Amino acid sequence: MPKLPSPAASFGGIGRAVRVSVASAAGFYPAAYLLDRPVLALYALFTPIAFGVLSPLPGSGSRRAGTVLRAAPAAAALIASGTVLAVTTWTAALGMLVVALSLTFGAACAPRLAGVVPGLQLCYILACFPPYAPATLPERLGGLALGAAVLCLGEVLLFPSPRRPSYAVRVADALDLAARTARVLLRAETVDSERARLLRTTGRELRFSRQPHGGRPTGAGRTDRALAHAGSAARRLLDQLATLGELPAAPADTASRNLLHGVAATCEETAGILRGDRPAGGAELIEEMTARFLDERGEPPEGGRARPYALLRRQSTLLTVAVSTVTVRTAAHLAAGAGRAVPGLPREQFWYARPSTARLWLVRIRGNLTPRSVVFQNAVRTALGLALARTTAVGTWSAVRSAAAGTLAGAVLAGALIIGAGDATEVYAGLLVPTMVVAFSVGPAGGPAWAQGLFTLVVSTAFAQIAPVTWRLAEARLVDVLTGSAIGLVCALLAWPAGARTELRRSVATLFRAAAPVVRETADAVAGRGAVPRGDRSRRPTTGPLWPALHHLRIAEAAYAQFRTEPAPRADDDGPDWLAALNYGSRVLTGAYWLPPARGVPGLPPEARRWVDTVARQVADAGLRAADLPPGGVDVRLAPLPAATSSDTTPGASSLLVDLEVWLHALASDLATATGADRAAAADDPGPVRRSCAGAPDAPVD
């Protein structure tokens, strides 16, 4: 047996264990001892276990109770199906195959269903086990109703969990922080290190890994997609505000102050939309302010002197802040259900805005109906294990070993208990509740060994009260677990040994290759040589190399989502940073939309054009090298922007060149992070990471 879990881990779920144990006992004892209905008692016992332990539902007590009530009709249908299909072993096994495949695949397409899938599977498993007894179906359904009712009462009355803020509220809180920071920048132009750290920390807290499973907006519908989009944009916004606040102070300009006022007001309004306190609206105002900022920045400065580089860099960074504000405001507008129109923005950036809900679900399902989908792989693997053994199927050798060891220990203890107590029903009745409390508190915290071993004790203690049993009950339980574990292990090793890791590596490599031409085309457009359409930004992502890059970004995002559905056999701290790779692809497409001017390109001197060609080639070539994910990572030092270009170009051209410089340095930083080059550099030199690798360009030199 593995090491006993810590007291904190064991007793962290004591409230849930008591709730489930009391609910199971409240239905089991009256049905077994007062009504003498063993079938009714059995289902009244296992229904709370199914939806209270095997399905650890998230949220407050009232929300969990509502989930149980909504799942009850499906559970009744599965019990009825299992009762009918139990006529032969083969029909029961085929039914289990269909049920497990449908539920497991459906849980991936509808993540909120995932919480109740184990409980629903148990309902079918209980019903399809021999003997074939269709006449007991009314009692089985009655036990389900009784168990669900007492569990709902327990969820509401016993140790109710506090209500946690939704993901929309968390994003709203982050936007409130962004608004306050923008107002601080209006007064002081810079922020202290503590606020910068708070901004970045708050952004990291918006990651899905920091949210409870039931609270993650991972569904296929428009609302969940928009909330996820808003969270991602809010994270970028906080990071960009931190970067803006850390830049050296520069001479104040009216255009920047006006745009910063607009950012603060938009963040406050968007936070109200996400909380439901304000009516939803589009991002037209902040986008108009951004367009006005670009126009004013292109006008000649007062006195005819060129703007200092520090000011140009602050303006370029502020522009990235405004772009993220536009994105998060539009996503919040869609999440609030205010409409499907996305005026003035690239249609493919918010591709989910126009299709119907049914169409969005079909996109999710179709995307996972492929043997290369880990969602599909796990569904088939689980279905085969459950159909052939009708027990829990696991997919790794460590899990098989732990489950087998735990079940063996539990079977030995259960056999000893049955041999020692014999037919003394009162012994089993007295032990049932304490055994459940221990099993349901220690088991989930201790892993497969403790969970399987203690659950074997619970099953043996319960069955000993409703029918004569021998030590062979524990033996049968051990055989079932070993068979199911072996089947799951064989499926995992022979069919899909690598899971999503290979697919994710392949899709990220393809994304890097597809993004390289976009980097060069965007730079050419900035230099006035590109073929990017002018005057209609909404059509850009569907032209030239942009569409393949967008397509492969979607594939890579889907592969990453699939990758995170698997249990990680080891930490990825030393491997590629997949999120940075996805951020690289997103940043490439965002720059392709915002950077090329829509009203013509000011003339650039030959030296500036040569610099554009050089740095664009450096980043594009680095992206191609990154596709191979070399062991040492990909680190590139971009050629600095020549200082003389600021005096040889128009104000609009100078600003555009700095915008391009900031964008390309950010892309280089993403590549270094994605491939691990920044970690390698930190290991060789524990000092600060070079500014060019951190996304902040060095000052131009001659």
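A quick note: this is a predicted structure, and the numbers were derived from the prediction, not measured.
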Quick test of your reading: applying salt bridge (charged side-chain N to carboxylate O under 4.0 Å, His left out), list the pairs with at least one residue in residues 623-634, sequence neighbours left out, ordered by first then second residue.
Arg513-Asp628
Pairing residues for Thr223 by the side chain to side chain contact (heavy atoms under 4.5 Å, CB included) criterion, not counting sequence neighbours
Leu227
Ionic contact status for Arg313 with Glu661, cut-off 4.0 Å
no
Starting at CG of Leu667, measure out to CG of Asn583 and round the result to the nearest 0.5 Å.
9.0 Å
Are a donor atom and an acceptor atom from the side chains of Thr317 and Gln240 found within less than 3.5 Å of each other?
no
For Ala178, which residues count as a side chain to side chain contact (heavy atoms under 4.5 Å, CB included) partner, sequence neighbours excluded?
Leu237, Leu238, Leu241, Cys267
Provide the closest heavy-atom pair for Ala332 versus Thr270 in the form atom of the first, atom of the second, distance.
CB-CG2, 3.5 Å
Any residue meeting salt bridge (charged side-chain N to carboxylate O under 4.0 Å, His left out) with Arg587, in chain and number order, not counting sequence neighbours
Asp670
Thr201 side, atom OG1; Leu177 side, atom CG - distance, nearest 0.5 Å:
10.0 Å
Does the side chain of Ser655 come within less than 4.5 Å of Gln315's, by heavy atoms?
yes
Where at least one partner belongs to residues 234-246, residue pairs that pass salt bridge (charged side-chain N to carboxylate O under 4.0 Å, His left out), sequence neighbours excluded:
Arg200-Glu246
Set of residues satisfying side chain to side chain contact (heavy atoms under 4.5 Å, CB included) with respect to Arg170, sequence neighbours excluded:
Pro165, Leu206, Gln211
